[in-house]
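Remarks on the structure that follows.
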Amino acid sequence: MPTSSRSDTDQRFEITVNERPRTVVVDPDSPLLYVLRDTLGMDGTRFGCGLGQCGACTVHLDGVAMRSCLYPISKVGKQHVTTVEGLADGGKLSALQRALIEAQAPQCGYCMSGMVMTAAALLKRTPHPTEAQISDALDANLCRCATHLRVVRAVRAAVG
Amino acid sequence: MNAIEPVSRGRFLGTTGALLVTIGASPQMILAQAAGGTSPSGAPDPHNVDAWLAIEANGAVTVSWGKVEQGTGIQTAIAQLVADELDVPFSSITVLQGDTDRTPDQGFTAGSQSLFAGAVPVRQAAAQARRTLIQLAAKQLSVAPETLATRDGAVISTVDPSVRIPYAQLVPSGRFDQIIAADVELKPPSTYRVIGQSIPRIDIPGKLDGTFTYVQNVRVPGMWHARMIYPRRLGQVASRVDVSSLGTLRERVQVVHEYAFVAVAAEREWDAIVAARRLDVVWDGGDALPAPDRLDALLRATPAQTRVLIDTGDVSTLRSAPKTLRATYHWPFQSHASIGPSCGVADVRADGVTIWSATEGSHFLQRSIAALLGRGVNDVVVKYVEGSGAYGHNGADDAAAAAAAISARIGKPVRVQYMRGDETGWDPKGPATLIDLEGMLGDDGKISAWSAHVYSPTHARRPNGEAGSLLAGLLLGSPPPHGFFIGGDFNAHTNYDIVNQHIAVSDLASAALPYSSLRGLGAPANTFANESFVDELAHTVGADPIAFRLAHLSDPRARAVLEALQPAYRPGRGVAFVRYDNKTYLGAVVDLSVDQNKGAVELRHVWVAHDCGLIVNPDGLRNQIEGNVIQGASRALLEAVRFNADGVTSVDWATYPILTYTTVPRIDITLINHPDQPIWGAGEATTLLMAPAIANAIFAQTGARLRDVPLKFKS
C-alpha cells in the first residue's frame, strides 16, 4: 500500500522559470515538462507525445527552443526557462501572440503554446523571416487541425 | 456485434421531425420519448425556454446547449445566433456546454449538425424569450405589444424613445418558465447584426497565452495520476502482473489488474509514467489480427446484410455492354491522430460520480459510465471540458471510462492521461472500406448507367449506455455492445442526373481493428470512389472534367459551385464536386506536381468553392475549410494505420505521419452565402473532395490512375 509520494532518489533543484526562482524536489530523471505541469502547476506547456516528435511541449532554455518532454530536470541547471506564460510582458501579450489572435489562427489550439515558443525562438535569431523560413522553422511542430497557413501569416504580420 | 437495423442519419442524430425529436439522439431514446418516457428528474425540460437560456440580474445571458466547442467555432456561432435572436450584446453571452446536470441532451456533437439542427431549439428558445419579454413589458406599461421592440438587452418603445426596460427587470428570477411555442418565428436575415460577421472567437485568446483550461489541465483535490497498460490487441487477457517489477516505486504506486484491465496510479505523474513502463505484464490469448494485405478479401468475405439505396431505371446493360467501365476503390483504416492524447478525470464516491471529459456526447457517456460502474444514471455527472481536436470518436470517452474504473477501485479521484501510443494506437479507427463501381456512357457522351456497391462496417460504435461500448468495459469483461449501421452509405450516391442507377451497401458485421466515427464517416471513401470514377468516365470521351460534371447537374446551386471553380481549372489539375449529406454544395480544384523519379507528390494550390446556406461566421467557416483541405489531403496522401498479426503498429508520429508546414498547399476559398437558407454544416465536407481531386490531378499529370488511399505514386 503506497505510503508516501516522496522517494529516496528525489533531489532538490533550484531553477529559474519566467524570471522567478523556483525550488522543486523531484526525481532527477523527471522531464522538465512534468515538473512544470505537475509539480509547479504551470499548465500552459502542453503534453503532446512525450517522444520529442510533435513540439507541443516546446519551452525556451536561455532563449533557445527545446522540447521539455525529453529534457530531464537534472540538466536544467542555471539555464533560464521560459514558458508561454512568460512571453507576456507584465501582462501584455507579445506581438506574436497578438498577431496569432488577430489572425484567428487556432482551431483547437492545443499545439499553439508550442507553436508560439518555436516561432518566438525563430524571431530571436531571424527577426524578419520569409514565409519559407517560417515554414522550415515550424515544420517539426505538428498541427492536426491544420491551421498552418494562418500561423505563417500571423508570424509574418507580427514582424511587420 | 449484433446489428439492429440501419438508421438514417436524421434519426441517429435526432434531427428529424419536430422540436421534441431534436433533443434525443439515439434510436432507443427516440423510442423512449415516443412511448412517453421522460428525461431523468433534475434534467432541464427541453421544451422550456429555461433549459436553454438564463438572464442574470446584471443582464448577462447564459446559453446552455448540448453541442460542444472543439475548435470548430460553434461556441462563438451559437452566441452570435442568440445575440441576434434575443437582441442582446454578443459580449453579454456565456455558453455552457455538455454538462449533464445543466445542459439539455442533444446527443453527439457529430455529423456537421450542430448549427443545422443543434442550434434550432436554442434559437427557438431565444425567439420565445423575446416574445415573452415583449408581452411582459406590454403588460407592465399597459401598451400594445406591437408598439414595443427589443434592442441591446432591453425592451424599448417604438413610439416613446424614453421607454427602456432591461430584460433583467422583466424576469427578475432569471427564469422564464415558458414553453417554446410551436409557432415561434425566427427573425429574418434582413435584421441580422452579428450573424454573418466574422466575430472573433471567444475561445481563442486563452489558447494563445497558455491560460485555456483543456481537459488535460483539470485538477481535483486529492487526485492521483494513472496510466493505462493496454494489451497488444483486443481479446488478450493479462494472465500475470508482477508488482515486484516496480522496484522501489512499489511503495508509491497502486496497481489495478482485473481481467484485461491493467493500470497504475500514483500521486505524482512521473511516478505513474515510470511505473507503467516498468510493470511486467504477461498477455495471453487474443485472436491474431488479419494480414493487412488481405484486407480486400476480408471485406468481401465479412458477413453482411446488403441494402439497396437507389434502384432507378435499368442498369442491366452494364453487365454485357462492351464499353462498361469497372473499377474498385480502397480506403484504409485511419486514425484521428489528435495532437493532445486524450485525458479523463473521474471522482467516484459513494454520494456521486463526477467525470470531466472532452467527450462528444456527455449524456451518452454518463449512461455508459453508470452501466460500467453499476451505478444509477442520476448518480453520474459528466462535465465537458475541451480537449484537443477530436474529429470524431477518438480516445476521449475511453480515457474517461478508464479513470472512472480506476477511481472506483482505489477510492481516490483519478486522472488518466493517455500517452502517445495509447491515443494513436487505441483510438477507434475510421474503418477500411471498399467500393466497386460500374458505369457506361451513352451515345450522347453522358453517363447512361451507374452501379455502385459499397462494402463497409458501421462508422459509429460510440458510447451507447452499455458498459461494453467503452474500451474499459470490454477489458473488464463486458460483452461487446449492440449497435446500428450508420455512415457506410454516406454520399454513396452521387448528385448527378443519371437515369439508370443502382446503389447498394453491404453492412459488414465487423472490422479487423476497433473502429468508430472519423471525420466524414463513409463519405470520404465513397466520394473518392465516385469522383475518381466520374473523371475516369469523362476521360474515355476526352471531356473537360468540369464541363462533364456540369452536363449532369441541373441543380443551380450545384452548377454555381462548379462555375465558380472554372477560372481555377486548367488541364493538368484535378477536380472534385460533392453535395455533402444532400446539403452543403462544394467543389475543389487541385494543382500539384509529381516527381516521377522520387514518386513524390507535392501539393501546390487548392481552390475550394463552398455553399453551406446561411454563413454565421465567415472567418470561422474559412478556418474550417482550410483545416479540412489540409487534413483531408494528409489522409489522402499519407495515412493508413499499420498493423500486423500481433497488433496495431501505428503508435506515434513516426509510424503515423501527417502533413507538415513545408508540405501544405496554398488555399483559395470562394464562399457562396445564402442568408435565407438553413445553416448547413461545414465541419467535415471539404475533406470529401481531397482524395479524388488529388487522384484526378495525379492522373492528369502522369496517366497513372490511383485507386488506393493513401495515394502513393510509384515511379
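Small disclaimer: the values here were computed from a predicted structure and weren't measured. Residue numbering restarts at 1 for every chain, and letters A, B, ... go by the order of the sequence lines.
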Compute the centroid of each ring, for H148(A) and then for Y661(B), and state whether the two points are separated by less than 6.0 Å.
yes

Charged N-O contact under 4.0 Å between R22(A) and E14(A):
no

Honestly, the part of Y391(B) sitting under 4.5 Å from a heavy atom of chain A is side chain

As an exercise: rank T662(B), V274(B), L659(B) by heavy-atom pairs under 4.5 Å with chain A and give me the winner.
T662(B)

With respect to E269(B), which candidate in R415(B), R219(B), R252(B) satisfies the salt bridge (Lys or Arg N to Asp or Glu O under 4.0 Å) definition?
R415(B)

Considering only heavy atoms and a distance below 4.5 Å, find which of C145(A), A140(A), A137(A) pairs most often with chain B.
C145(A)

Could you look at R98(A) and say if it's the side chain, the backbone, both or neither that has a heavy atom under 4.5 Å from chain B?
neither

For chain B, which candidate among C54(A), S113(A), C143(A) shows the most heavy-atom pairs at distances under 4.5 Å?
C143(A)

Would you tell me whether Q197(B) and N617(B) have side-chain atoms, one donor and one acceptor, within less than 3.5 Å of each other?
no

Toward chain A, the part of L249(B) with a non-hydrogen atom under 4.5 Å:
neither

Check whether any side-chain N or O of R46(A) sits under 3.5 Å from a backbone N or O of A56(A) as a donor-acceptor pair, and report yes or no.
no

Using a 6.0 Å cut-off, check whether atom CD of E102(A) has over 12 heavy atoms from anything other than its own residue.
no

Checking the side chain of D38(A) only, and the main-chain atoms of V35(A) only, is there a donor and an acceptor separated by less than 3.5 Å?
no

Under 4.5 Å from a heavy atom of chain A, the part of E386(B) involved:
side chain

Is R144(A) close to chain B through its backbone or its side chain, or both, or neither, when contacts mean heavy atoms under 4.5 Å?
both

Could you tell me which portion of D29(A) (side chain, backbone, both or neither) has an atom closer than 4.5 angstrom to a non-hydrogen atom of chain B?
both

By a 4.5 Å heavy-atom criterion (distance strictly below it), what part of T248(B) contacts chain A: side chain, backbone, both, or neither?
neither

Is Y71(A) close to V76(A) at the side-chain level, that is, under 4.5 Å between some pair of heavy atoms?
yes

Counting only non-hydrogen atoms closer than 4.5 Å, does A337(B) touch chain A with its backbone (N, CA, C, O), its side chain (CB onward), both, or neither?
both

Using distance alone, with no hydrogens and no angle criterion, decide if D27(A) and S30(A) have a side-chain donor and acceptor under 3.5 Å apart.
no

Whatever's closer than 4.5 Å to a heavy atom in chain A on R622(B) counts as both

Does either side chain, that of Q631(B) or that of R519(B), offer a donor lying less than 3.5 Å from an acceptor on the other one?
yes

Interchain contact, H336(B) with chain A, by part (heavy-atom threshold 4.5 Å)
backbone

Can you tell me which of P31(A), G44(A), A88(A) forms the most heavy-atom pairs within a distance under 4.5 Å of chain B?
P31(A)

Hydrogens and angles aside, do E85(A) and T83(A) bring a side-chain donor and acceptor to less than 3.5 Å of each other?
yes

Can you check whether I667(B) reaches L149(A) side chain to side chain, under 4.5 Å on heavy atoms?
yes

Check for a donor-acceptor pair, side chain of S357(B) on one end and backbone N or O of T359(B) on the other, with a separation under 3.5 Å.
yes

Side chain from CB out, backbone as N, CA, C, O: work out which of these in A390(B) comes under 4.5 Å of a heavy atom of chain A, or both, or neither.
neither

Less than 4.5 Å to any heavy atom of chain B: does that hold for the side chain of A105(A), its backbone, both, or neither?
backbone

Heavy atoms only, distances under 4.5 angstrom: which of W653(B), F212(B), W270(B) has the most pairs with chain A? Name it, please.
W270(B)

L51(A) versus chain B, heavy atoms under 4.5 Å apart: side chain, backbone, both or neither?
side chain

Answer with side chain, backbone, both or neither: which region of M42(A) has an atom nearer than 4.5 Å to a non-hydrogen atom of chain B?
neither

Could you tell me which portion of I658(B) (side chain, backbone, both or neither) has an atom closer than 4.5 angstrom to a non-hydrogen atom of chain A?
side chain

Any chance you could measure L87(A), atom CG, to Q97(A), atom CD, to the nearest 0.5 Å?
5.0 Å

With chain B as the partner, which of P106(A), G48(A), C108(A) has the greatest number of non-hydrogen pairs under 4.5 Å?
C108(A)

Please classify the contact between E423(B) and chain A as side chain, backbone, both or neither, with a heavy-atom cut-off of under 4.5 Å.
neither

Quick one: of V255(B), T211(B), I273(B), who has the most non-hydrogen atom pairs under 4.5 Å with chain A?
I273(B)

Before accepting this row, confirm whether a basic side-chain N of the pair D422(B)/R420(B) lies closer than 4.0 Å to the acidic partner's carboxylate O.
no

Where does S388(B) contact chain A at under 4.5 Å (heavy atoms): side chain, backbone, both or neither?
both

Side chains of Q624(B) and E684(B) only: does a donor on one sit below 3.5 Å from an acceptor on the other?
no

Relative to chain B, which of M112(A), M115(A), Q104(A) shows the most heavy atom pairs under 4.5 Å?
Q104(A)

Partner chain A: residue of D203(B), N623(B), V629(B), L208(B) with the largest heavy-atom pair count (under 4.5 Å)
N623(B)

Is it the side chain or the backbone of T213(B) that comes within 4.5 Å of chain A heavy atoms, both, or neither?
neither

Between T72(B), N217(B), I630(B), the one whose heavy-atom pairs under 4.5 Å with chain A are most numerous:
N217(B)

